[in-house]
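The sequence lines fix the lettering, A, B, ..., with proteins before strands; numbering per chain opens at 1. The model shown is predicted, which means the values in this text are computed figures rather than measured ones.
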Amino acid sequence: MSLIRIVLNRNIYPLYLPPVSSPDEIMQLKKLSECRRGEIGVVKTITPRTLAVSLMALGMLPGDELEVVNLAPFGGPLAVRVNGTKIALRRSEAALIEILPA
Amino acid sequence: MSSRPIRIALAGNPNAGKSSLFNLLTGLRQKVGNFPGVTVDRKAGSFALHGGATASLIDLPGLYSLYPEAEDDRIASDVLRLPSHPDHPDRVIVVADATNLRRGLLLLSQVIDLGFPVVLAVNMSDLLEADGVRLDAGKLSKDLGVPVVKISALKKRGINELIQAITATEKPPLRTFFRFPEAFRNAAQTLSKELKLGSDYAGFQALLRPDLFPGTDPEIIAEQQQKMGISDPAGIVENETVVRYDNIGEILVGSLKKSDTARERLTQKVDRALLHPFWGYVIFIAILLLVFQALFAWATWPMNLIDTGFAAAAAWMKATFPPGFVSELLVDGIWSGLNGIVVFIPQIAILFLFIAILEDTGYMSRAVFLMDRIMRPFGFSGRSVIPLIGGMACAVPSIMMARSIPQRKEKLITILVTPLMSCSARIPVYVLLISLFVPDYRIGGFINVQGLVMAGMYLLGFLMALLVAWIIKKVLRGGKAGYFITELPLYRSPRWKNVGLVMLNKCKTFVWEAGKVILLISVLLWVLSTYGPKDKMQAVTDAYEPRIEALQKDSAEKAALTNEYRARKLETSYAGIMGKTIEPVIRPLGFDWKIGICIITSFAAREVFVGTMATLYSAGDPSTADPEGKFAMLRSRMGAEVYEGTQRKVYSPVAAISLLIFYAFAMQCMSTLAVTRKETGSWKMTFIMLFYLTGLAYLSSLLIYQVFG
């Protein structure tokens, strides 16, 4: 399983398309900003792409499972745990992330 | 190789252990400065390579990827991306946290593609292996194409192996990590050549993120973008990131942790309390009170010790050296200037003791989390709370702390308004002025009215800081704001060596950088208040010295006459002349020329106001005993002062309030200015601070005196 093979095998498309959700799933999608403490879900879409790139760099990718672990009061930031990393983001940014509740 | 040492950069995610590794490699051979043009710590040092040659080492600020969104996160990636950057390294050590390897390898893969000779240092692999996951460095090295060394910065393991590896790694890896589509190759190569970048990958980045390549002709990049038909460059960056992670995921199969480590479980538990919507704030306020108490109370005795020590040495020098210009310059000018620098060290050391502990344990980002919602409307960062509270003790260390605020605009706002918080140097001024117009009376025998006014002054400073911050936020053009996404790192116990080095470095840079300006201004102020037009000064001397000589030693008359002599001399000096010259300007505020002199001399530090007043009102040598009696004497003489030829009191209640407000707002502290200059690296910002604060003070006092006077 050498690196070379992986790189050559991968068909690089010019734009990244998140994994397609079934219509059933789309109905269940929920903004991260609307989640309560303790809610668990799978990251589905992050828009815009610049936010997606920033979050991926911190270790949050579409398809990853996350848990809302802390909420600051009065509409302050929220903290999620994803892949063992805790990430804090403002509600306004959380509103740009859609998750599929587990 | 040329004769210059090999330049090595340490890059890695925040909290991957970069700083610990840097401290281990360089020891005390390190220097903290600024990156050119920005208020971001630049830590540089040197260490010996295997075989003895010296390499220079630079510790880059933590970064997650080479595609930063916020302008303020750019420095580290600029250093790596731009061969023209003065700190551009020859080789790179990428430090990755073994328990968060996937993310660390994303950065590594980008650094590889920039064409550097790279070594990967996997830190904390012992923690991963304690969890039952084996990390095969040999296999990882084969898959990545770069040497991999397992280290433990905490236990000082693997450091020699790392030095050997970086010594031997002279060439970049044979293959790049990310193969961008063939279609892009031509454009990337063209841009790499035209912009003089080190690699095709840098050219590819220029194609997608022209904003990361300042100073280049946008036409060149736009032309290539058009040729390629790129309409959504962010999508291509997103795709690149996903492909990198896919590859990393395949490499790391079996090397990723399966369950939470003990530290992760602990962090979860601790955060349930520290980020609690109620108890979290209680704990945060308790920590703030502790920091404030430490700055306010604990720093007092070493500061007094420093002042007493300097005074004793000054007395000794005066007695030992032959009198004359040189010894006066040395003792009253330079020595007291040095005193004014050294006296800040206890407060700086204590504040940074706390700051370093709060940062090192991981608490600081929790404070940001808790305070973000409250501070944001005023243009502050959650981090601004600590400089603002610290500003109630002293603005100097607080402004030094503000540099750790990552966003440039928030950092600037915090620095600019921190001097409005009522610092401890204002207390003696407030006490004196309040006692002039507020009776020493207790409401219901319990609440002291003077104390109430004092508390009001603290509140006034705080509210003004909020107001000014809000105005600056509205006025200042915000750069690219970026997102507020912060990692809340795992808690850990503070590494005392790191804490000690932070304290040492902060004190050192203050003494060397801000100290120069402070020394210069204090010598200048000494000259102004000691020397005057020769003939006039001589006349004062001739009038007093024979009379003082004639009086009996230690007699009350002699002391009184000496005080009067001092007052006359100050009045005749250049500072005295300046005080009289500015009188027409400050008269509308209700100030006379004596206050004018005080404003000039207390530019050194606010508390000098009281000493100068004491001299002008012949209320005794500030260094003699019985401060209570002197204070009462000064107060009664100031209270009795009338304008010449009238019965009108100089210190009418309105004039005293006007002066009080003036000292609440005016930039009467050369050390704050010196440290602002050092922190912002800009005289422009320093003068903006000086003029807005003094202007605010002037207008407020003017308003009060003209409306109510």
Nearest heavy atoms of A:Leu58 and B:Tyr64, plus distance in Å: CD1-CD1, 3.6 Å
Side-chain heavy atoms of A:Lys86 within contact of B:Gln268, under 4.5 Å: yes
Nearest heavy-atom neighbours spanning B:Phe369 and A:Leu78: CE1-C, 3.5 Å
Closest-packed option against chain B by number of heavy-atom pairs under 4.5 Å, given A:Ser92, A:Gly76, A:Ala88, A:Ala52: A:Ala88
Backbone N/O of B:Ala234 and side chain of A:Arg49: donor-acceptor pair under 3.5 Å: no
Portion of B:Asn100 that has a non-hydrogen atom of chain A nearer than 4.5 angstrom: side chain
B:Asp136 atom CG, neighbour heavy-atom count above 12 within 6.0 Å: yes
Interatomic spacing from OG1 in A:Thr85 to CG in B:Leu488 - rounded to 0.5 Å: 10.5 Å
Short N-O contact, B:Asp271 and A:Arg81, less than 4.0 angstrom: no
B:Ile485, part contacting chain A, at a heavy-atom distance under 4.5 Å: both
Side chain / backbone / both / neither for B:Arg244 at chain A, heavy atoms under 4.5 Å: neither
Selection from B:Pro14, B:Ala183, B:Pro277 maximising heavy-atom pairs under 4.5 Å formed with chain A: B:Pro277
Under 4.5 Å from any heavy atom of chain A - which part of B:Phe278: neither
Largest heavy-atom contact set with chain B, pairs under 4.5 Å, which of A:Ile46, A:Asn70, A:Leu89, A:Val69: A:Asn70
Interatomic distance, A:Leu55 atom CG to B:Thr241 atom OG1 [nearest 0.5 angstrom]: 11.5 Å
From CD (B:Glu238) to CE (A:Met56), nearest 0.5 Å: 4.5 Å
Residue B:Arg366 versus chain A: region with a heavy atom under 4.5 Å: side chain
Main-chain N/O of B:Phe484 paired to A:Glu93 side chain as donor or acceptor, under 3.5 Å: yes
Under 4.5 Å from any heavy atom of chain A - which part of B:Tyr245: side chain
